[in-house]
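Keep in mind it's a predicted model, so treat the numbers as computed, not measured. We use all heavy atoms of the structure for the numbers below, so side chains are in, but hydrogens, waters and symmetry mates are not.
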Amino acid sequence: MPIPLFNSIASWLLKKRYHQIELFLKYPDDVQDEVLHQLLSYADETALGREYGFDSISTYKEFSERVPIVNYEEIAPLIERTRKGEQNLFWPTHIKWFAKSSGTTNAKSKFIPVSSEALEDCHYKSGKDLLCLYLNNNENSQLFNGKSLRLGGSKELYEDNGSFFGDLSAILIDNMPLWAEYSSTPSNKVSLMSEWETKLEAIIEESIKENVTSLAGVPSWMLVLLNNVIEKTGKNHLFEVWENLEVYFHGGVSFAPYREQYRKLLPRKKFNYYETYNASEGFFGIQDRNNSQDLLLMLDYGIFYEFIAMDSYGKETQKTVPIWDVEIGVNYAIVITTNGGLWRYKIGDTVRFTSTDPYRIRITGRTKHHINAFGEELIIENAEEALKQVCVKTGAEIKDYTAAPVFMKGNEKGAHEWIIEFRKSPDDIAYFTEFLDNALKSLNSDYEAKRYNNTTLKMPEVHVARENLFYDWLKSKDKLGGQHKIPRLSNDRCYVEELLDINKE
């Protein structure tokens, strides 16, 4: 198909979808209530549906009282039975795909069920919506005159007991509609290569010959790829490689630590950055405005949302609320019910609403990835903003980092211990540490209180990591590429101790 014709057809279809988006923007609570009742009706004859009487649930209140909130460990036996061929346990249609979760460096893997409904009505629909919202905001875009350079997971698909598992990105690429494959680079063959470093070279060889107009992938791994493109081509910046490049669609990890490094690679003021919020369990949010840090919560993807305020999370006073009862500025843990067969599932992420008309959010971190050893409630959002401020002040550039508590011993006060790998080191690490401490105080009153006169916490300890420390650590765990992430904050010392030992080698 000629590119101009493809461009015209794609643009028409995407603009048509925008009218449907306007519907949930206008009636968000009604749309979410309808999603819940559709899910209950669709799954009422499953084993789970019969156990909890889905067919007799008529209100959200009944749903919240009857169906328990669960984590992965509690539903793992049902998922394992489905992986072995048993069906209709928690979702009525046949499930043969399982996304092997790669959002953590833990050895234990999660296998998230991916139904055909989740593929079509959530994951692929979101990809079209991302383009739809982008084109709506950028009418002069030439996006479809070229290709999207996508950077997916580095795992092949494996068959087991008649079911298939792998990175979500591998499942999506393997089932990708023709229009998406036509407009993407590298080829599916290269995208599904399992060995990261070989794959990296193959991506560069294929993509530098194409007219790339957009980038899509996790910021940390995309940065590795793009720096290798610059090194391979000998160019000064990426517009000398792809002159028509206009947008980077990113998600998976916070973009804040990488923003300045991308600006150096992409030195055009009009270049666009669009953030997405997706996971193995579903696709949740899309940046719907240029130059915004807020994500529009997508309400018609077959996902019903609930939220638990983090100040009550895991306590007897824990209360779950639907979207129509959320408040702006509160840090919430997300609970989802999905068309992939997850029912009141704690995904492990935390968000804060910045608007309720429409419902827009910012990702604040993970329920497990925070530091609260001394009542300081340090979340990833605080850490990212503090590091951003200190990098601006000192001229440093951060490649990767992690932090954990130093627990009290006898009369010794506690502290936070940071391991930071710099792309550009600060001139004075002591000044860097002092400024980081002050930035955290200004952003988090609980941290400030614990630091007052060294009452509970003393000055942070910052270790400068050797080059490629985090890369080598992930490589040793066979977790290079894709959605694999460094655990930024941890309430125990498991990751920090491992990294400190490797750093000494």
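- Note that the CG atom of L25 and the CG atom of D288 stand 7.5 Å from one another [nearest 0.5 Å].
- Exactly one of T82, I75, L342 qualifies for a side chain to side chain contact (heavy atoms under 4.5 Å, CB included) with F90. That residue is T82.
- A 4.5 Å side-chain heavy-atom check between R488 and T402 finds every atom pair outside the cut-off.
- Between Y305 atom OH and M298 atom CE the span is 8.5 Å, to the nearest 0.5 Å.
- Pairs of residues two or more places apart, or lying in two chains, that qualify as side-chain hydrogen bond (donor to acceptor under 3.5 Å, both in side chains) and include a residue from residues 30-45 are E34-Q38, Y42-E117.
- Summarising the geometry of D492 relative to P405, their closest heavy-atom pair is O-CD, 4.1 Å, with the distance given to 0.1 Å.
- The number of heavy atoms from other shown groups lying within 6.0 Å of NZ (K393) does not exceed 12.
- With hydrogens and angles left out, the side-chain atoms of N290 and Y274 include a donor and acceptor closer than 3.5 Å.
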Expected list for residues 432-440: side-chain donor-acceptor pairs under 3.5 angstrom, two or more places apart:
residue	atom	partner	partner atom	Å
T433	OG1	I429	O	2.8
D437	OD1	Y447	OH	2.7
D437	OD1	R451	NE	2.9
D437	OD2	K441	NZ	3.4
D437	OD2	R451	NE	3.3
D437	OD2	R451	NH2	2.8
N438	ND2	E434	O	3.3

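- Counting only heavy atoms from C-beta outward, the side chains of L215 and L225 never approach each other to under 4.5 Å.
- The distance from the CG atom of L295 to the CD atom of Q287 is 7.0 Å, given to the nearest 0.5 Å.
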Task: side-chain contact (heavy atoms from CB on, under 4.5 Å) assessment of E306 paired with I308 - done: CA-CA 7 Å; E306 298 174 84; I308 305 171; over 6 Å; no
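- Checking E246 against Y134 by side-chain atom types alone, a donor-acceptor pair falls below 3.5 Å.
- Considering only heavy atoms from C-beta on, T356 comes within 4.5 Å of I328 through its side chain.
- Note: E384 CD to R259 CZ = 11.0 Å, rounded to the nearest 0.5 Å.
- For the pair K100 and D167, the salt-bridge criterion is not met [side-chain N within less than 4.0 Å of a carboxylate O].
- Ion pair E65/K61 flagged as a salt bridge, since at least one NZ, NE, NH1 or NH2 atom sits closer than 4.0 Å to an Asp/Glu carboxylate oxygen.
- Considering F353, F307, F284 as possible partners of I361, the one that fulfils the side chain to side chain contact (heavy atoms under 4.5 Å, CB included) test is F353.
- Within the structure, side-chain hydrogen bond (donor to acceptor under 3.5 Å, both in side chains) pairs that include any residue of residues 318-331 comprise N331-T364 (at least two apart or interchain).
- Distance check: I286 CD1 to R289 CZ gives 14.0 Å after rounding to the nearest 0.5 Å.
- Aromatic ring orientation, H250 versus Y248: tilted (interplanar angle from 30° to 60°).
- Surrounding OH of Y27 are at most 12 heavy atoms belonging to other residues, nucleotides or ligands under 6.0 Å away.
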